[in-house]
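The structure displayed is predicted, hence computed values, not measured ones. Keep in mind that the numbers below use all heavy atoms, side chains included, and drop hydrogens, waters and symmetry copies. One-based numbering, in listed order, for ligands and for the atoms of each.
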Amino acid sequence: VVKYRKDYQPSQYLIKNTNLLFQLFDDYTLVTSELKITRNPLDNRETLLPIELDGVELELVSIHLDGQVLDDSDYEKRAHTLIINKVSETFNLTTVVKILPHKNTSLEGLYTSSGKYCTQCEAEGFRKITFYLDRPEVMSEFTVRIEGDKAKYPLLLSNGNPVDRGELTDGRHFVAWHDPFVKPSYLFALVAGDLDCLEDTFTTMSGREVKLELYVDKGKLDQCRFAMDSLIASMKWDEQEFGREYDLDLYMIVAVSDFNMGAMENKGLNIFNTKYVLANKKTATDADFEGVERVIAHEYFHNWTGNRITCRDWFQLSLKEGLTVFRDQKFSEDMQSAAVERIDQVKIIRAAQFAEDSGPMAHPIRPDSYIEMNNFYTVTVYNKGAEVIRMMHTLLGKTGFRKGMDLYFDRHDGQAVTCEDFIKAMEDANGKDWSLFRNWYRQAGTPVLKVDLEKLADGHFRLNCEQSCPATPGQEHKNPFMLPIKVGFLNNTGHPVKFAETNDAAGVDETLLVMTETKQSFDIYCESDSLVPSLLRDFSSPVKLEYSYTQEELASLFAADPNPFNRWDAGQTLMTQMLMSETSKLTEDELSVVDNAFIKILNDEELDNALKSLAVMVPELNSLIGMSDNVKLDQLFAKHKQLKVHLGEKLEHTWFSIYNTTSGDTSGDRWLRNTALRYMMIANDEQHFELAATQQTHADNMTDELAALQVIANASEGYRSEYIEQFYQKWKEEELVMDKWFTAQVVNDDEAILEHVKALLNHEKFSIENPNKVRAVVGAFVAGNTSQFHNPTGQGYEFLADIIIQLNKINPQIAAGLAKQFNQWRKFDSKRQALIQEQLVRIKSLDNLSNDVFEVVDKSLQMS
Ligand code: ARG
Ligand code: ZN
């Protein structure tokens, strides 16, 4: 069944108090729930309808209404609901259900992960725990009592504060919890197990002391310090930047190995994928550390943007996710290099979000409909949602944005609200009318911004801008968007120049143009014979920019644009133009434009090593595919390889000297050095093999050790298996390092790789039930080995379909995520389209297809 945003009606009932008892037994769990239910004051229906509680895969043991046993005829249990026919304005409902956490492989609801119990309730997982009004606008005060075996589960955790504990018979014990803040069911959490704990404290700006507890599997305490420090830094940052203080006396984080997503912001008890908690220099790469810092911050920031103020319904998901991603991005920009962070953010938009926008699942950041909500935890809702918030920040400036945030918190604390409420707070706090801006919430698709620069007279230029947006499923016609466009200029000698928007104004280095119509022109006054515009600086709007730059113009921006983001982008555009042109091979001239530009970058003493590393990276295949509507894959693969080989060979001496003279002391240094190693190996892997082998053997950190393993695993035959084995023997007990080991082996673009990928699925360290492992092998192959996934035989497609079919039963969420990998199919040649279509049809014809997979595959097949 499709759910539509336009059909929203407030819940007729609310649950004031939720009192839960969990009795954990060896092969089942009993959940007793006492709910104090009242009529919703917002409800204006004439009559009281039967109450429909959500409940999935629950065995009903007993049911009482106001203390009376209900007759069979008083209620009806359907597959996904429990309907009670006659209820009054207020009543108490008590149910007992039996559930099977050990058999729960969907990792939604209550499940077990290496010997401990944990939960994942967002979006609609709470209904797998007990009968409930499982929708976010129903906010309730929770009291929870957990009973279990004391030896196996010395820790019994839930949200809020512990209020009671004690012994029971048969070696069992209990702990009771109370959460003083009302919350929706999706923020409920429970953990039971025997875990190690890293403790610390944080004193808030008003002087309250908060206990911080980080729980991990036994033996992992030496991988916890960084996550704890990140938490403390996040708490401090939210106070400084937004005046937001933590509100409970206790903040707990538990890391589990089996988790569908990154982490979950449950009130006072975050549950995390181990990937975003465990990190020390030996086991985690520099990129892993950044991931931990970012996700810890993200979940912490949700305490205000998500928990204190939550979503009225799931169509509003971007209210909390777009905003919280924006907040974690700002945090990372402050902790790391802002330009590097911004480049990483934009790469995600271009590779994944633009792809989503041009495929069958295209949706506005506030979707209009869904079949399975879990399919809408997307790069559009999250990352494009964050871009939309960022545009507000750009338009209002830091101070105006903060004013809007303050008003939002003042107005809506303790409420479940909508995206509209957020925009309204921003408008009201700043005296703006943002009717047009709202199109970002209504319309799907990536706007195209076409710009040209006209010279009207000496010293007088005009930027002509035109925007359009392609049709997306269900949205034929689009209205214009409000586009903030940050611009600057270089003159004909490649130097930044001052300019003005009227002929008597003082010159500026940069300005923000705001486009509100389909076509608009902006006058520019500047004493220069010609200008090279640096457009859309810092990616000030999430659009595709079209400007017919010459190669010389791009090279001059790449060499000297004072905006580091645009400087990087000029290099990417330069290479993208060449790679995506109609020709079947790059010419000598094109190749030398790139290698000359690279030399300038590498010799620039001002530029830091992280930015250099980014600048000399050839655009990734996924991002090239994501940005265009029609892709000649075979030609693209050939040219992409040609460019990389050329850069490796032509600059071999430069790479070699960078490798030998760069220290490995900072993450930027390691990055540049390993970039050099990668190019050297592309140029001549036999000659440089020893270097890589030595690096793998002697590295004292995972960044260098893994970089070496990666180049070795991608080298042509030789002794590579020896080093793959050496790495395995050293790290086979560290699950997260094993994930890296798997991934390193599946991205080789050798024809024979698929057989190896299949063999890895039978490896003793692989498990199809563990999402991290599935992502490490299958996800990494289909998304990271673009050329072999798209092998013209179609075997890559068949392989992916086989896995989706297998996972459909085990874990529908992960299966559906993988199925989205087919969504780009209409961009390819007719032969590949036919091969993919065949697999989509095969999946769709399955019995017992989950909603999750059905929605993705069905929409894909409808795409013409
Ligand atoms: N709210 C979580 C976060 O943003 C993600 C929850 C994902 N849940 C899901 N069913 N897909 O960190
Ligand atoms: Zn989130």
message = I'd like to know whether Asn273 forms a side-chain hydrogen bond (donor to acceptor under 3.5 Å, both in side chains) with Asn772, so could you lay out the CA-CA distance, the side-chain angles of the two residues, the decisive distance to 0.1 Å, and finally the verdict.
response = CA-CA 9 Å; Asn273 188 323; Asn772 287 355; 2.9 Å; yes
Polar contacts were defined as any N/O atom of the residue lying under 3.5 Å from an N/O atom of the ligand; does this apply to Ala263 and ligand 1?
yes
With rounding to 10 degrees, Glu321 OE2, the Zn ion (ligand 2) and His298 NE2 define an angle of 160°
Restricting to heavy atoms, the pick from Glu108, Glu299, Lys320 nearest atom 12 (O) of ligand 1 would be Glu299
May I ask you to test the Gln120-Leu107 pair for a side-chain heavy-atom distance under 4.5 Å?
no
Do NZ/NE/NH1/NH2 and the carboxylate oxygens of Arg225 and Asp229 come within less than 4.0 Å?
yes
When distances are taken from atom 10 (N) of ligand 1, the protein heavy atom at minimum range is Asn374 OD1, 2.5 Å
Note: Val256 and Tyr111 closest approach over all heavy atoms is CG2-OH, 4.3 Å
- Message: salt bridge (Lys or Arg N to Asp or Glu O under 4.0 Å) for Asp249 and Lys211? Distances and angles first, verdict last.
- Response: CA-CA 6 Å; Asp249 298 331; Lys211 268 177 77 176; over 6 Å; no
Here the atoms of ligand 1 under 4.0 Å from any heavy atom belonging to His298 are 3 (C), 4 (O), 12 (O)
Ligand 1 atoms nearer than 4.0 angstrom to some heavy atom of His302 are 4 (O)
among protein heavy atoms, the one nearest atom 6 (C) of ligand 1 is Glu122 OE1, 3.5 Å
What about Tyr382: any of its N or O atoms under 3.5 Å from an N or O on ligand 1?
yes
Note: Glu141 and Asp179 closest approach over all heavy atoms is CG-O, 3.7 Å
Glu265 heavy atoms within 4.0 Å reach ligand 1 at atoms 1 (N), 2 (C), 3 (C), 12 (O)
Within 45 degrees of the axis of the six-membered ring of Phe181 and under 6.0 Å from its centre: does Lys183 put its NZ or CZ there?
no
For Ala123, is the nearest heavy atom under 4.0 Å from an atom of ligand 1?
-> yes
Of Arg438, Arg5, Arg366, Arg312, the one forming a salt bridge (Lys or Arg N to Asp or Glu O under 4.0 Å) with Glu420 is Arg438
Taking only non-hydrogen atoms of Met264 and a 4.0 Å limit, the atoms of ligand 1 in range are 1 (N), 2 (C), 6 (C)
